[in-house]
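This report concerns only the one structure given below.
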Amino acid sequence: MTPLRQRMIEDLRIRGLSRHTIDSYVGAVARFARYFGRSPELLGKEDIRTFQVHLTCERKVSASTLNVYTSAIRFLYNVTLGRDWNLQTVPYAKTPKKLPSVLTQAEVLRLFAGITNGKHRAIVMTTYAAGLRASEVAHLRIRDIDSARMLIHVEQGKGARDRLVPLSPALLVVLRDYVRAYRPEHWLFMGQDHKRPLNDRTIYRVVVDAARGVLGKQISPHTLRHSCATHLLEAGVNIRIVQGFLGHRRLSSTDRYSHVSREQITATKSPLDLIADAG
């Protein structure tokens with residue numbers, strides 16, 4: 001490992017960024033350096049622009065991917081290398097605002113019923129029932145399942161924040177069956193090495209394969225999280241409660257689920273109907 005890479009990792013850790021973010025930033029800077037075949041210490045602002053053009057026009061990366069590269073490169077030069085550059089001229093891409101994809105409640109039940117592997121069923125049900133991110137599911141420990149208080153303790157979720165979410169009685173039954181069958185020792189969903197948790201990508205693959213096999217649809221763990229939030233809002237749960245449930249810092253992040261809530265949309269009358277009723 002080069003001294004520059006080591007220093008950047010240390011700078012990222014000092015700021016309390018997640019392991020996933022650190023890996024993404026360091027990988028982005030490594031690809032930036034490989035593109036030019038030189039250390040980033042020898043590159044300048046025009047090289048950053050050239051690399052952004054390469055990513056956009058040649059590799060055709062998404063706006064969100066481009067923004068990861070931009071954030072990583074800005075961090076490298078502003079923080080780790082301490083360059084006195086105005087990197088406001090290194091722009092972020094405008095990301096399209098898309099509505100989250102959600103499953104219906106009937107589809108969720110079909111998905112659960114169609115998974116024959118006990119461990120996979122427990123993973124998918126936990127993701128949906130607690131509205132968790134894949135990384136949060138992967139890092140659940142047995143002690144995080146508090147059956148006495150009927151709570152799940154999510155430790156150091158996104159933004160390095162802890163939170164408590166309700167433990168579904170139905171999920172508790174499934175988890176108890178899973179624990180009896182698989183005997184996890186520390187991590188709730190252990191990897192092949194029982195001393196380590198499942199990889200985030202494995203959680204992703206479990207959900208993708210299950211949905212493709214049962215529903216014939218392409219979804220991700222985040223689809224289950226979106227579905228959880230939408231179904232809570234449709235059930236009349238206060239949006240502030242849902243915000244805390246999901247661990248959102250801003251209410252606007254939660255509010256977008258109100259735009260895909262079928263119950264709220266269909267309950268809203270068109271102005272045409274309002275005019276007809278008035279007449």
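In this chain, numbering begins with 1 at the start of the sequence shown. Please read these numbers as outputs of a predicted model, since none were measured by experiment.
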Worksheet entry | Same cluster (ILVMFWY, side-chain, under 4.5 Å), L151 and M125 |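 L151 and M125: separate clusters.
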
Compare every heavy atom of [Y] with every heavy atom of [X], then report the nearest pair and how far apart it is.
X	Y	value
A63	A93	CB-CB, 3.9 Å
S101	T223	O-CG2, 3.5 Å
V174	A122	CG1-CA, 4.0 Å
L172	M150	CD2-SD, 3.9 Å
F245	P166	CE1-CD, 3.2 Å
R5	A30	NH2-CB, 3.5 Å

List the atom pairs, donor and acceptor, that lie under 3.5 Å between side-chain atoms in residues 14-24 and the rest of the protein, sequence neighbours left out.
unit_1	atom_1	unit_2	atom_2	d
R15	NH1	D11	O	3.0
S18	OG	T21	N	3.1
S18	OG	T21	OG1	3.0
S24	OG	H20	O	3.0

- Message: Listing request: all salt bridge (charged side-chain N to carboxylate O under 4.0 Å, His left out) pairs with a residue in residues 201-225, at least two apart in sequence or in separate chains.
- Response: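 As it turns out, the salt bridge (charged side-chain N to carboxylate O under 4.0 Å, His left out) pairs with a partner in residues 201-225, which skip direct neighbours, are E107-K217, R205-D209, D209-R212.
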
Handout entry: Residue pairs, two or more places apart or on separate chains, that pass salt bridge (charged side-chain N to carboxylate O under 4.0 Å, His left out) and touch residues 176-191
Key =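 Passing the test, one end in residues 176-191: D177-R180.
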
Could you check V137 against D200 for side-chain contact (heavy atoms from CB on, under 4.5 Å), going step by step and ending with a plain yes or no? CA-CA 8 Å; V137 176; D200 299 4; over 6 Å; no

Are the side chains of [X] and [Y] in touch, meaning some heavy atoms are under 4.5 Å apart?
X	Y	result
M8	L4	no
E234	T230	yes
I48	W85	yes
D146	H153	no
L140	L132	yes
I145	L175	yes
V26	L12	yes
L164	V154	no

With sequence neighbours excluded, what pairs up with [X] under the side-chain hydrogen bond (donor to acceptor under 3.5 Å, both in side chains) test?
X	result
H54	E58
T65	S62
H139	none

Identify all side-chain donor-acceptor contacts of residues 68-79 below 3.5 Å with residues at least two apart in sequence or on another chain.
unit_1	atom_1	unit_2	atom_2	d
Y69	OH	R31	NE	2.7
Y69	OH	R59	NH1	3.2
T70	OG1	Q52	NE2	3.0
T70	OG1	L66	O	3.0
S71	OG	N67	O	3.0
S71	OG	Y92	OH	3.2
R74	NE	L87	O	3.2
R74	NE	V90	O	3.3
R74	NH2	L87	O	2.8
R74	NH2	V90	O	2.7
Y77	OH	P40	O	2.7

ask   = Under 6.0 Å from the CZ atom of R49, do we count more than 12 heavy atoms belonging to anything else shown?
value =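 At most 12 heavy atoms, drawn from other residues, nucleotides or ligands, come within 6.0 Å of this atom.
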
How about R196: does its CZ atom have over 12 heavy atoms from other parts shown lying under 6.0 Å from it?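 Open: at most 12 neighbouring heavy atoms sit under 6.0 Å from CZ of R196.
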
ring-ring contact (aromatic ring centres under 6.0 Å, His included) involving Y178 - partner list, sequence neighbours excluded:
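So Y178 forms a ring-ring contact (aromatic ring centres under 6.0 Å, His included) with Y182, F189.
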
Interatomic spacing from [atom1] in [X] to [atom2] in [Y] - rounded to 0.5 Å:
X	Y	atom1	atom2	result
L171	T127	CG	OG1	9.5 Å
N238	Q243	CG	CD	9.5 Å
H231	C228	NE2	SG	9.0 Å
L232	S227	CG	OG	10.5 Å

As a quick check of understanding, evaluate side-chain contact (heavy atoms from CB on, under 4.5 Å) for V207 and L224, giving each step before the final call. CA-CA 9 Å; V207 174; L224 296 176; 4.0 Å; yes

**Q.** V124 vs Y128, side-chain contact (heavy atoms from CB on, under 4.5 Å): CA-CA, chis, key distance, verdict
**A.** CA-CA 6 Å; V124 173; Y128 170 79; 5.7 Å; no

Q) Are the side chain of S39 and the backbone of L42 linked by a donor-acceptor contact shorter than 3.5 Å? A)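 Not a single qualifying donor-acceptor pair exists.
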
Checking D144 now: which residues fulfil salt bridge (Lys or Arg N to Asp or Glu O under 4.0 Å) with it, not counting sequence neighbours?
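In terms of salt bridge (Lys or Arg N to Asp or Glu O under 4.0 Å), with neighbours along the sequence ignored, D144 is linked to R141.
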
Next item on the list: Could you go through the side-chain contact (heavy atoms from CB on, under 4.5 Å) check for T80 and V29 one step at a time?
Entry: CA-CA 12 Å; T80 301; V29 168; over 6 Å; no

Residues 108-119 side chain polar contacts: donor-acceptor under 3.5 Å, at least two apart:
unit_1	atom_1	unit_2	atom_2	d
N117	OD1	K119	N	3.0
N117	OD1	H120	N	2.9
K119	NZ	M190	O	2.8

Quick one: name the residues clustered hydrophobically with V173, using the 4.5 Å side-chain heavy-atom rule over I, L, V, M, F, W, Y, and just say none if it's on its own.
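Under the 4.5 Å side-chain rule, V173 groups with nothing.
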
key: Set of residues satisfying side chain to side chain contact (heavy atoms under 4.5 Å, CB included) with respect to Y204, sequence neighbours excluded   =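 For Y204 the side chain to side chain contact (heavy atoms under 4.5 Å, CB included) partners, ignoring immediate neighbours, are V208, Q218, S220, P221.
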
